[in-house]
Amino acid sequence: MSKRVLVLALVCIVAAGSLFAAGQREAVGVDDYRIGIMTGTVSQGEEEFRAAENMKEIYGDKIVITTYPDRFMQEQETTISNMMAMASDPQVKAIVMVQAVPGATAAIQRVREVRPDILFILGAPQEDPDVIARYGDINLQTNDIARGAQIAQHSQDMGAKVLVHYSFPRHMSIEMLAVRRDLMKAEAERIGLKFIEEDAPDPTGDAGVPGTQQFIMEDVPRKIAEYGKDTAFFGTNCAMMEPLIRQSVSGGAIFPVQCCPSPYHALPGALGIRIPADKQGNLEWIREEIAKVVAANNSTGRVATWPVPVNMMYVEAGVRYSIEFIEGRTNGRMDKDVLISIMEDVAGGGVDLEEYQNYENYFLYMSDHLIF
Amino acid sequence: MQRIRDRTLSKESFVLQMDGIGKEYYGNRVLNDISLAIRPGEIHGIVGENGAGKSTLMNILFGMAVIHSTGGHDGTIKIDGKPSHISSPLQAMQLGIGMVHQEFMLIPGYSITENIKLNREITKDNIFSRFAGERVKTLNVEAMQKDARKSLDTLNMNIEEWAVVSGLPVGHKQFIEIARELDKTNLKLLVFDEPTAVLTESEADRLLDAMKHIAQAGIAILFITHRLHEIIEVCDTITVLRDGHLVVQKEKENTDIYELAEMMVGSRITDVTREIPDISAKSTILSVKNLQVDMPGESVKGVDLEVKEGEILGIGGLAGHGKLGISNGVMGLYDSTGTVMFRGTPVTLNNPFSVINQGLAFVSEDRRGVGLLLNSSIELNIVFSAIQAHNEFVIKRGPFSQMDDKAIRAYARKMIKDLDIRCTGPQQPTRRLSGGNQQKVCIARALALKPKLLFVSEPTRGIDIGAKKLVLETLVRLNKEFGMTVVMTSSELAELRSICGRIAIVTEGKIAGVLKPTDSDVDFGLMMAGEINAAG
Amino acid sequence: MQQVNSEQQINRFDHVKKQILSFGIPRIIIIIFLLSLWIIATFLDIPFPRLLSDTIVRWGMNGVLVLSMVPSILAGTGLYFGLPIGIICGLVGGLLAIEMNLVGFPAFLGAIAFSVPLALLVGGAYGWMLNKIKGSEMTVATYAGFSIVSLMCIFWAMAPFRSPEMAWPIGRGVRVTISLEGRYARVLNEFLSFDIFGVMIPTGLILFFIFMCLAVYLFFRSKTGLAIKAGGENPRFAQATGIDVDKTRIIGTMLSTVLGAVGILVYAQSFGFIQLYMAPLFMGFLAAAAVLIGGASISRATILNVLIGTFLFQGLLVAALPVANRVATLGSLAEISRIIVSNGIILYALAQKSGE
Amino acid sequence: MNKKHNNEQKPALTAGIEEIKEIKHLTPGEKIKKFLVNNMVTILFVILCGIGLRLSGLSMAFYLNDIVNRIARNSFLILALIIPVMAGMGLNFAIVLGAMAGQAAIIFVTHWGFGGPFGILLCALLAAPGALFLGWMTGRLLNRARGKEMITSLILGFFANGVYQLIFLLMIGTIIPMQNEVLVLSSGIGLRTTIDLSDGLRYGLDDIIRTPFPLFVLMFSAVALVVLVVLLVRMRSRQLAVDAPKRKKLIMWSVFTLVLLGWSLMTHFSLSQINLVRVPTFTMLVIAVLCLFNIFIVKTKLGQDFRSVGQDQHIAQVSGINVDRTRIQAIMISTLLAAWGHIIFLQNLGAFSTYGSHEQVGMFASAAILIGGASVSKATVGHAILGAVLFHTLFIVSPLAGRNLMGDAQLGEYFRTFVAYGVIGVSLGLHAWRKLIQSRK
């Protein structure tokens with residue numbers, strides 16, 4: 001009984017607090033806006049979070065950063081709450097979410113109920129594209145569909161005779177990844193590249209991340225022994241990348257590209273790149289350093305990635321586009337021309353954007369490879 | 001006696017007739033040709049020492065699994081004149097036999113009503129039960145409370161029927177058990193298995209009143225107890241058992257407490273005989289002054305005791321009076337206060353480690369709970385205390401120590417041979433040993449400490465006759481050959497009298513008196529029953 | 001009660017047989033399953049020597065982590081779900097060794113030397129806490145483990161380490177995966193390793209694992225070890241002999257923590273990476289599963305349980321998927337059938353009525 | 001016959017009665033101490049939530065909106081845990097399988113294109129047989145693996161997940177015909193990773209009745225007041241002495257309800273943002289019905305059997321209760337409720353991950369109920385509701401509180417998980433500690 005009274009007491013305190021909070025909100029001026037950024041923590045991937053921090057440095061108080069939980073699959077409700085908390089600030093006019101992990105759809109649905117005006121820019125969505133396309137105003141993703149053929153061709157260009165594709169059932173239920181595999185397979189067969197599809201344990205399943213990684217550690221040498229050194233290895237899950245790179249390089253095989261292409265992703269960790277404090281964030285230097293280590297391992301020409309950290313670009317482009325939108329310099333919520341010009345500026349060169357199916361707000365980004 | 005036999009044979013209506021009941025466990029005869037008959041409303045007392053066969057008789061009456069898995073029993077049982085084969089406790093219940101257990105079969109988190117009505121709840125219909133069946137009928141709490149109230153009233157209990165059991169005093173719990181049996185509508189015969197053991201005198205009086213009350217309602221009662229005056233007070237007829245035999249069956253009017261005491265203890269041929277050494281000249285090895293021990297169910301309330309060097313001292317008394325508390329208290333297992341001197345130096349109470357280091361050792365009455373590491377090997381059990389207390393059986397290298405397998409194995413083999421521990425080898429886990437052999441392991445463990453004084457509690461509880469003899473002989477041999485002082489606590493007077501030089505009798509947490517083994521059965525019986533003490 | 005004695009004497013043979021069966025059946029089922037997997041593998045042209053060497057490597061690298069369950073179980077605190085706490089101590093030691101710029105065996109030994117005192121300290125405090133919550137050790141430990149992992153994330157994200165190998169490519173803190181290449185990657189695995197019939201034997205790793213097992217085995221034969229075991233098996237017995245059971249429980253927890261710390265270093269050197277942040281989160285469950293499959297219970301465990309359990313659990317993980325990949329070529333069927341079959345077997349094994 | 005009365009010996013009976021009396025006459029200091037010890041977990045939570053609320057800087061309206069939604073979503077699942085706890089089977093065991101059954105039903109109903117309240121009803125009907133069957137299997141398995149429930153249920157979860165993937169990733173489109181571009185992958189085999197319910201089942205239950213928060217409170221307190229007054233009147237007519245403390249409690253509650261009534265009236269006619277918080281009233285009603293069901297079950301013979309088995313399997317068996325069957329029934333009911341609870345959860349969430357959203361259902365539900373004050377052998381509706389409020393309050397305020405405290409979004413996130421899990425650990429620890437203290441007495 002007394003417990004219930006306690007809770008009711010809490011509610012009363014809260015209710016009293018509300019009387020204070022009620023009058024605080026005031027009218028918002030045109031220039032007085034904010035942009036929310038939601039990313040993962042560094043333990044899931046450094047790029048997005050650091051990109052958000054960079055934005056905060058540049059734009060100061062205009063930027064509000066929130067993270068989604070590390071265990072986002074289990075704690076979708078936290079993702080929703082965090083998103084809602086951002087949206088509850090009337091000054092927030094746009095939200096950039098990279099990566100748009102599961103929970104994004106539900107969160108945006110809920111925000112839209114109370115704040116239909118907020119602009120949503122989603123990078124690297126992981127939910128079903130046909131679903132998420134309805135909720136994000138702009139969706140940016142690496143062009144996984146085109147990458148299917150690209151990776152097969154690219155592997156062959158790097159000298160591969162066999163291409164191994166590691167994935168697991170849960171990932172193969174993701175439309176983009178499944179289509180990418182099918183296209184990769186078709187292209188490989190067309191150009192005479194042997195395509196091997198292998199299942200690995202699901203890192204969220206019974207074997208855990210260690211089980212997945214250990215499997216990769218064991219299976220890559222097995223494959224190299226079976227198919228020779230001219231085998232290219234591709235995996236669909238971020239947790240696979242480090243052992244995959246390590247084993248490909250040490251076995252003399254080919255590593256065409258990561259799942260999420262970027263020089264920052266897994267390469268420095270797997271190759272043990274030493275990064276002195278003054279070189280942190282220096283993309284050029286890191287590319288050179290990777291090339292050096294690859295060369296030291298006699299793998300020159302057999303490791304590749306994309307030159308630009310894609311997820312960082314999504315964050316920066318998203319924020320800059322939001323500013324343009326809020327300050328009224330775009331043609332509606334979705335202005336492809338403005339977006340492309342911003343992205344070209346961020347990437348420092350031309351960008352290859354393609355619309356996904358018939359969705360005018362769903363862009364697939366494609367880049368050429370950087371071979372070390 | 002003749003009169004009772006006649007009555008048994010008469011055509012009068014009996015609730016229960018047991019005829020020629022006998023029981024053998026693998027060649028061990030524990031019950032011989034027991035016959036008794038009870039009429040409705042009669043209170044029939046059964047008296048006997050521990051191990052006299054009362055429990056086995058009750059197990060047979062209740063159709064316990066242990067009886068049927070070991071080949072059943074001899075003789076016949078008739079309920080209401082109809083021959084009945086009781087094969088399970090449930091069947092016994094259905095036949096109208098109720099039992100008030102010694103260990104409470106009560107759910108502590110339940111109210112009194114819920115316990116009384118456990119699995120016999122009264123239900124009433126509700127809208128759902130029409131389609132979902134019997135089990136979703138609502139409990140009719142009011143009717144249940146009413147029934148419970150009725151049972152409690154029969155017992156003159158004015159406690160609220162919705163009180164939760166867990167917070168109640170022990171005495172109340174006993175009454176609730178009785179109330180539950182009374183609540184069973186078909187109850188014909190109610191068995192009380194030493195119900196007063198945990199009660200205070202005033203509670204016991206109330207219980208006896210309640211029993212008379214129940215009997216008046218036409219329910220027959222089987223009353224098992226040690227307290228002779230209680231038997232005399234309430235019983236109509238009395239059966240005395242000893243060593244599995246029916247000694248006598250009498251009506252109350254034809255006997256008295258002295259006769260019962262004598263018959264209960266009996267003069268029998270003791271298994272171990274020896275001349276009792278004269279200890280009057282010996283020095284005192286252990287002196288206990290005003291010892292108070294807070295041991296649940298066996299509390300000691302100020303004991304003074306002197307143990308002489310080289311003697312075997314017995315501590316006797318009835319269950320619940322605190323005889324077990326003395327050794328447990330001295331050995332530091334339960335909180336205790338008082339002064340204990342051992343060989344002239346004070347013993348630190350409440351610290352088992354230092355007590356053991358001073359040269360005392362203890363074989364606990366709770367063999368499986370305190371006495372053994374059931375999953376560990378015999379040899380480890382034997383040497384464990386010696387390793388911990390005396391650093392024996394270990395090889396020490398600086399801060400590192402290791403079990404000395406060779407020494408342990410050799411010592412364990414010696415002990416197995418000396419004490420005749422029946423086992424597959426020194427590495428057998430003690431869980432798989434029989435009770436007697438487990439007891440021998442416990443003794444071996446105490447001996448490994450090479451104690452000057454050995455406390456032994458209930459050394460023969462739950463072990464067979466052959467093993468009993470061996471255990472007792474071992475104690476005598478240790479006393480004789482190594483001059484080890486032994487303090488043996490036991491509920492079995494016969495074994496105390498067979499090996500002890502002096503026997504202290506404990507009643508109500510105090511020493512009632514110290515007797516010689518040669519003193520008369522009547523003296524022992526009365527002193528144990530709390531009817532006299534040495535002082536008064 | 002006299003019947004018990006005779007009954008047991010007569011039934012002793014049956015009893016022993018029952019005990020063997022009750023201990024063995026689940027294990028026997030899994031062993032048969034593993035053997036049949038291996039046989040199928042050879043028919044499918046999967047090189048059996050490779051499977052075996054992978055199994056042996058995993059056996060050695062996970063073994064010490066699984067071993068850390070034993071002191072905790074024997075001390076009476078149940079399965080050591082606080083394993084992440086021990087692991088974190090090991091990780092801190094591992095990072096310190098890199099920070100001190102150590103290389104090779106000295107680095108590995110240095111990492112152990114740094115982490116052991118830390119583990120002793122943390123384990124002691126943790127053991128003290130477990131004494132306050134007797135009866136709920138495992139549930140509390142699970143959440144305590146989760147919580148500590150998150151707390152340490154804050155530490156990693158702000159860690160004052162200077163070594164460029166550990167730095168993030170962009171910002172402050174320590175990176176998620178730190179390569180041990182050129183530090184102490186595989187120092188144990190490659191120590192005296194040799195090939196026999198195509199099976200690579202990681203001698204150093206196996207020796208180290210066996211050494212740790214032996215050390216734990218010997219410890220539990222020492223005076224203190226016996227006291228801990230007695231305290232776990234029967235606290236009242238131990239108290240009657242003057243043993244401070246609270247203390248033995250703390251020592252047991254400390255030992256488990258130290259083994260967790262050493263275990264993760266063994267794991268990391270074999271894996272070639274140190275993994276921080278959320279990586280330790282579920283390690284406890286995997287180690288617990290291994291020791292349970294090995295036949296331990298929450299109150300009883302032996303070194304043999306560790307050896308068998310780790311081998312079977314890891315052996316299944318190694319062999320099942322390559323075989324499934326060959327048998328079920330239809331997309332994704334391999335992993336699904338692996339999950340169903342191997343977990344089904346374990347489930348079936350667990351559902352066998354045991355003798356207790 | 002010299003019957004001896006030992007006067008020094010204090011009769012245990014009277015001693016016990018004295019003790020009972022003592023409890024009734026505690027000094028205010030002791031009373032407070034006892035209250036603190038008995039409620040330390042709750043107090044800790046209230047304090048933490050209060051601090052968190054301050055630190056997070058969230059507005060009342062936001063908090064209320066979120067907590068109301070979360071309670072509507074989660075309460076049913078948490079309530080589903082009560083019966084197995086009552087039957088002494090611990091937490092978390094069957095609920096994941098139930099969630100799978102509920103999710104499967106949702107998938108099929110979405111495929112057939114039903115939506116709204118009718119769709120939800122269809123889901124509930126469809127999920128029932130599956131959930132009951134799974135519950136029956138789980139119960140049987142757990143009866144066989146007694147004493148190893150924890151590891152068994154863990155592995156059962158993995159196993160069931162494998163079967164789930166087999167059905168929805170491989171059998172859909174091959175063995176189970178399903179042609180649906182929205183749900184099925186473009187290859188025609190297997191379901192897509194996200195299922196969006198916004199065109200069908202979303203808010204199917206919630207939207208039947210939605211009321212502004214003050215109005216909801218108004219209605220709630222009005223009903224409560226009526227019930228309380230009726231109870232009081234009935235009690236007065238009975239005039240039983242034992243009712244006195246109860247009556248005091250009831251009067252207190254009535255006063256509180258009146259205050260609530262006044263507040264809601266005031267707020268309803270004000271311009272407060274709280275008026276924008278819209279409560280899914282129908283869902284709340286369903287939850288209330290489940291609460292009543294749980295209370296009802298306790299009062300039946302079945303409920304009494306659950307409790308008896310939970311309290312002591314041995315005594316229950318001796319008293320003739322079929323322990324195994326009772327345990328299976330408990331798990332079956334719980335699994336069924338979990339299936340329905342998951343349907344309610346998903347219709348409120350609006351979109352879910354096909355292969356992930358059922359996985360951890362049990363963990364949060366059991367954490368919540370434990371925080372509410374339940375133990376392995378005792379769990380009530382009150383524990384569940386209180387747990388839902390406290391647990392979710394913590395989860396709402398902690399991310400922002402963490403961020404504001406640490407000044408860094410990701411450190412805030414780590415801090416949040418640290419506090420959230422830490423607090424669960426601490427509260428479980430405190431429960432255990434309190435039990436230890438009590439058992440020593």
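Letters go in sequence order (proteins before strands), and every chain restarts at 1. From a predicted model like this one, the values you see are computed outputs, not experimental measurements. Atom set for the values below is all heavy atoms of this structure, side chains included, hydrogens, waters and symmetry mates excluded.
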Residue among D:D199, D:T417, D:L191 with most heavy-atom pairs under 4.5 Å to chain A:
D:D199
Most heavy-atom pairs under 4.5 angstrom with chain D, which of A:V64, A:T66, A:T105?
A:T66
With a 4.5 Å cut-off on heavy-atom pairs, point out which of A:F49, A:Y135, A:Y68 contacts chain D the most.
A:F49
Using side-chain contact (heavy atoms from CB on, under 4.5 Å), reason through A:I80 and D:L349 one step at a time and then give a plain yes or no.
CA-CA 9 Å; A:I80 297 174; D:L349 212 57; 3.3 Å; yes
Heavy-atom pair with the smallest gap, counting every atom of D:Q410 and A:V42
OE1-N, 2.8 Å
Which one, D:F395, D:F158, D:F159, leads in non-hydrogen pairs under 4.5 Å with chain A?
D:F158
Toward chain A, the part of D:R192 with a non-hydrogen atom under 4.5 Å:
both
Between A:M38 and chain D, which part of the residue has a heavy atom less than 4.5 Å away: side chain, backbone, both or neither?
neither
Carboxylate-amine/guanidinium proximity below 4.0 Å for D:R416 and A:E75
yes
Best-contacting candidate, D:G412, D:G157, D:S198, against chain A by heavy atom pairs under 4.5 angstrom
D:S198
Using a 4.5 angstrom heavy-atom cutoff, name the option from A:I174, A:D182, A:T78 with the most pairs to chain D.
A:T78
Charged N to carboxylate O under 4.0 angstrom, A:E113 versus D:R202?
yes
Does the side chain of D:S186 reach to within under 4.5 Å of the side chain of A:V179, using non-hydrogen atoms?
yes
Using non-hydrogen atoms only, which part of A:E77 is less than 4.5 Å away from chain D: side chain, backbone, both, or neither?
both
Select one option (side chain, backbone, both, neither) describing which atoms of A:I132 are under 4.5 Å from chain D's heavy atoms.
neither
